[in-house]
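Notes follow the structure.
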Amino acid sequence: MEKTQVAAKYLKTGEMFKESLRDGRNVFYQGELIPDVTAHPATGGGIDIMAKIYDAQHNPETQDTLTYLNSEGERVSTAWMIPRTKEDLKTRRALTDYIARETFGVFGRPFDLMPLVPVGMAAYLSKFREKRPEYAQNVLHYIDYAQKNNILGPEVLVDPQNDRSKAAAAGARLFDVELGSKLKGGESTPALLRVVKETEEGIYISGAKAVGSISSQGNEMVLSNLMRPGLLPEESLWLTVPINSPGIHIVCRETVSVDSANAYDHPIKSRGEEMDSFLIFDNVFVEKWRIFNYGVPELNELYGSVVLGAHWHILSRLAAKAELYAGAAQLIVEALGTGQIPGVRSIVSDVIQYAQTLRAYVLASEELAQLTDDGVMWPDVNMLTAGRLHGIIHYPKIIHNLQELCGQGLVMRFSEKDYEHPYIGGKLEELLFGRGLTSKQKNLLMNFIWDITTDSHAGRIGLFENVNALPAPLLRERLYHEYDRTPFMNHIRKSIGLPLA
Ligand SMILES: Cc1cc2nc3c(=O)[nH]c(=O)nc-3n(C[C@H](O)[C@H](O)[C@H](O)COP(=O)(O)OP(=O)(O)OC[C@H]3O[C@@H](n4cnc5c(N)ncnc54)[C@H](O)[C@@H]3O)c2cc1C
């Protein structure tokens, strides 16, 4: 059967996605309730970006990247595919690459990231079954439901920032055995998300979560609390909840993207952004079928394994973004005619090396991927962690390289209105032309580089890349604890005559 003829009953158009967000949710911007997130300057642009991706699910040219035919012959979103083979991982990565390129990699939480958290639970389903069989059965059911409803949403795992010297507010202590043991558990904090009531139908949760990127712009969110010493049973959760549930208040940070900005003056910033929010939960009801864990701290300890797929997505997105940076570097050099200068070429080579290194880590993590006991193909953890660490550490240097290649061009940028002025515009064209580019074209390139490296929007992305899904100190801890050096230690011991452990 011709692929394009298959009825798309499980897909949404961009407009359907936008309509699904007009659902009475409580989203606040600067103290005011947003009546319609699709139309508000702080949230609407980012929603338009994702709506375009939904539309691409229906485009014959892109539908095989964004969707596939399930076992029933129905076209469904690739975002919710459970990878069973290395080929499936590649199929998923093609989607990540596509979205990263369409969004210039500035959307850290596009619609194919959060699904990897429930998929991560499916990867360790037997552990969930062992401890909480009545909730474990919800995992596969939810993935099926979310795929058929083409759901987009955030995963909000990090807890609100307050005094981290208190156990209850300690933040992630994933590998921090030494520090963690000094903190006593059992203290309570109003910030930590917890169950306050249980009924036959489900549970009620109160507390808060941070930093929920796209919380105001998605349909449903996946929630958990990071592992910490003394996590209480009522704080031990993996679940999902619709964003418009009564009792959820979403408080947006200040926007760094202005949709009224001119697309020429700000080619990226003017498109919109993924909004980050603080989430307050006040007696929010969670239906039973949406719960994957409640009450078992050991299941929250599975964080590192469950989110591995999401971390692979983050590295893949960064690799695709780095490749665009290599392209951007070359465009700058060509626009300025600086490509014949060896020092300039070496800066471009640094950007290329970054892109190639990240790509190599992505490919290696897939090549070394293994099936979990529950039959999910999961990327190699050490390649991923090392790759993410490399990506984070060198990111500021790469941004600096792009800025350096531009020289004065990043400051001597002018607005479209300047170019429309009869005298100024003419003079700018006469005096500031590029190599093979008019002044206005060269200026557009510099506006683009400004938006991806230097603008407030780029500043937020820089912060995001640095800490999202574990900052460098925790990634280092992870590598320290999980990379097996024993064979190499033993080789040295044997070779020089030290006792074998
Ligand atoms: C723009 C942006 C978007 C984000 N989006 C999301 C999202 O969508 N979902 C989500 O769940 N989270 C999100 N986050 C949160 C992000 O994952 C956390 O900021 C990050 O994991 C660090 O946790 P923290 O901010 O609570 O740091 P804190 O615990 O407050 O610690 C501050 C710093 O101290 C150091 N530190 C703390 N604990 C340790 C330790 N045990 N070992 C070593 N060093 C340590 C780290 O350098 C850390 O950055 C986002 C963050 C940003 C900036």
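Computed from a prediction, not measured in an experiment: that's the story for all the values here. Both counts, for ligands and for their atoms, begin at 1 and track the order of listing.
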>> Can you see whether F17 has K12 sitting over its ring - NZ or CZ less than 6.0 Å from the centre and within 45° of the normal?
In response: no

> Taking the minimum heavy-atom distance to atom 14 (N) of ligand 1, which of L474, V211, V222 ranks first?
Replying inline: V211

> For atom 48 (C) of ligand 1, which of S215, P154, P471, G108 has the closest heavy atom?
Replying inline: P471

> Between L475, V467, L279, which one has a non-hydrogen atom sitting closest to atom 19 (O) of ligand 1?
Replying inline: V467

>> Any non-hydrogen side-chain atom of E198 less than 4.5 Å from a side-chain atom of Y294?
In response: yes

> For V467, what residues pass the side chain to side chain contact (heavy atoms under 4.5 Å, CB included) criterion, not counting sequence neighbours?
Replying inline: P471

>> As an exercise, identify every atom of ligand 1 less than 4.0 angstrom from a heavy atom of Q161.
In response: 28 (P), 30 (O)

>> Within the 4.0 Å heavy-atom shell around A469, which atoms of ligand 1 are there?
In response: 17 (O)

> Which of the atoms of ligand 1 are close to R109, meaning less than 4.0 Å from one of its heavy atoms?
Replying inline: 6 (C), 7 (C), 8 (O)

>> Would V158 count as being in polar contact with ligand 1, using the rule that some N or O on each side must be under 3.5 angstrom apart?
In response: yes

>> Give me the atom names and distance for the closest heavy-atom approach of N219 to S20.
In response: ND2-OG, 2.9 Å

> Residues in side chain to side chain contact (heavy atoms under 4.5 Å, CB included) with L157, at least two apart?
Replying inline: E155, S224, L226, W238, Y303, V307

>> If the cut-off is 4.0 Å to any non-hydrogen atom of P473, which atoms of ligand 1 fall inside it?
In response: 43 (C), 44 (N), 47 (O)

> So which of N468, L157, V117 gets nearest to atom 11 (O) of ligand 1, if we judge by its closest heavy atom?
Replying inline: L157

>> Looking at every heavy atom in both E273 and F107, which two are closest together, and how far apart are they?
In response: C-CE1, 4.0 Å

> Does at least one non-hydrogen atom of E477 fall below 4.0 angstrom from an atom of ligand 1?
Replying inline: no

>> With respect to E155, determine whether any N or O atom, backbone or side chain, lies less than 3.5 Å from an N or O atom of ligand 1.
In response: yes

> Between T65 and D97, is any pair of side-chain heavy atoms under 4.5 Å apart?
Replying inline: no

> Short N/O distance, under 3.5 Å, between D276 and ligand 1?
Replying inline: no

> Does the side chain of E366 come within less than 4.5 Å of W312's, by heavy atoms?
Replying inline: yes

